[in-house]
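Have a look at the structure below, then the notes.
On a predicted model such as this, the values are computed, not experimentally measured, just so you know.
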Amino acid sequence: NAKLIDSWINSKVMQLTELYDAYPEFSGQSMEEIMHILKIINQSDPEVETSVAADKDGNCIIDNYTARPNMADKEHFIAARETKKPAISEIMNSDRSGARIIAIAVPILDESGNFSGVIQSNVVVKALENTIGTVKIEESGYAWLMSGSGNIIFHQYWQLIGKNYKESANHETKMKAFDEGVLVQDIGFMQYLEDDGMEMVGAYATVPTTGWKIIVQAPSNEVYKDVNTSNFISIILIILVA
């Protein structure tokens with residue numbers, strides 16, 4: 001699932017980079033001229049909700065050619081400006097539809113390699129939620145998605161979406177599993193206790209392009225049910241043989 005999400009995000013980045021490669025004159029054009037071409041992506045990909053063109057100062061317009069609030073203070077815009085590489089935002093809510101989206105920004109560089117703005121796609125993440133939402137582990141296990149900073153992007157309990165994992169991780173073993181494992185390692189396995197004493201086992205992996213974490217978890221007694229049954233039968237047989 002981490003690889004699937006990474007491929008999906010990279011496909012959206014490639015849409016922008018390939019368009020930019022085809023129109024290197026973007027750096028000398030107005031935002032309106034850029035948007036006229038950028039709308040190709042918005043019109044061809046239903047998952048791209050909004051296209052955005054911005055200048056080096058963060059002044060921007062969207063695909064209906066209306067101005068939007070300055071984006072110079074947005075983390076993904078700053079990252080694109082400073083690294084001169086594509087940047088991806090955290091999950092946010094769309095002003096247009098209220099849907100959950102990510103912003104994918106590709107920097108525009110002039111002939112000297114100086115930053116002169118970005119082209120951006122605001123992409124609806126419903127496809128990701130549908131993918132992760134179908135994961136089922138044993139009887140009650142499931143998968144969920146968390147940002148690199150610990151904010152829950154998708155969860156089967158929708159009340160947790162948008163909150164930090166610490167708001168639902170009160171047991172010290174769970175906090176330790178996330179603080180010392182999930183958030184600092186790319187991939188791994190964990191065991192912890194829920195607040196009600198339920199022993200859980202889980203695994204996690206990192207989406208390379210975003211740093212997001214995919215976690216799959218299930219109650220330990222479900223995961224090891226067959227093993228426990230086999231052990232019990234072995235003990236009975238040993239007693240009978242003895």
Is there a side-chain contact (heavy atoms from CB on, under 4.5 Å) between I91 and W212? Walk through the geometry before answering. CA-CA 10 Å; I91 298 286; W212 295 345; 4.1 Å; yes
Common cluster, [X]/[Y], ILVMFWY with side-chain heavy-atom separation under 4.5 Å:
X	Y	result
I152	Y204	yes
Y142	Y192	yes
I88	L145	yes

If you take the centroid of each ring, where Trp contributes its six-membered ring, are Y65 and H36 closer together than 6.0 Å?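 H36 vs Y65: aromatic centres not under 6.0 Å.
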Distance-only side-chain donor-acceptor flag, S121 / Q15, under 3.5 Å: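 The criterion, which ignores hydrogens and geometry beyond distance, is not satisfied for Q15 and S121.
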Nearest-0.5 Å distance that lies between atom [atom1] in [X] and atom [atom2] in [Y]:
X	Y	atom1	atom2	result
F115	D57	CZ	CG	9.0 Å
E90	I153	CD	CD1	6.5 Å
K12	I102	NZ	CD1	9.0 Å
E47	S11	CD	OG	7.5 Å
S51	L19	OG	CG	9.0 Å

Report yes or no: does N42 contribute a side-chain atom to a donor-acceptor pair with the main-chain N or O of V48 at less than 3.5 Å?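 Side chain of N42 to backbone of V48: a pair is present.
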Looking at E172, I want to see if its CD is surrounded by more than 12 non-hydrogen atoms of other residues, nucleotides or ligands under 6.0 Å.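 Atom CD in E172 is not packed in, count stays at 12 or less.
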Does E32, at its CD atom, have more than 12 non-hydrogen atoms belonging to other residues, nucleotides or ligands within less than 6.0 Å?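 Yes - once you tally the heavy atoms of other residues, nucleotides and ligands closer than 6.0 Å, there are more than 12.
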N10 and T209: side-chain contact (heavy atoms from CB on, under 4.5 Å), yes or no, with the steps? CA-CA 8 Å; N10 280 323; T209 51; 3.2 Å; yes
Using 30° and 60° as the class limits, which term best fits the ring planes of Y165 and F178: parallel, tilted or perpendicular?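 Taking F178 first and then Y165, their aromatic rings lie parallel (interplane angle under 30°).
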Salt bridge (charged side-chain N to carboxylate O under 4.0 Å, His left out) partners for D110, two or more places apart: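 Not a single residue meets the salt bridge (charged side-chain N to carboxylate O under 4.0 Å, His left out) criterion with D110.
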For the residue pair L38 and F26, establish whether any side-chain heavy-atom pair is separated by less than 4.5 Å.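 No, every pair of side-chain atoms sits at 4.5 Å or beyond.
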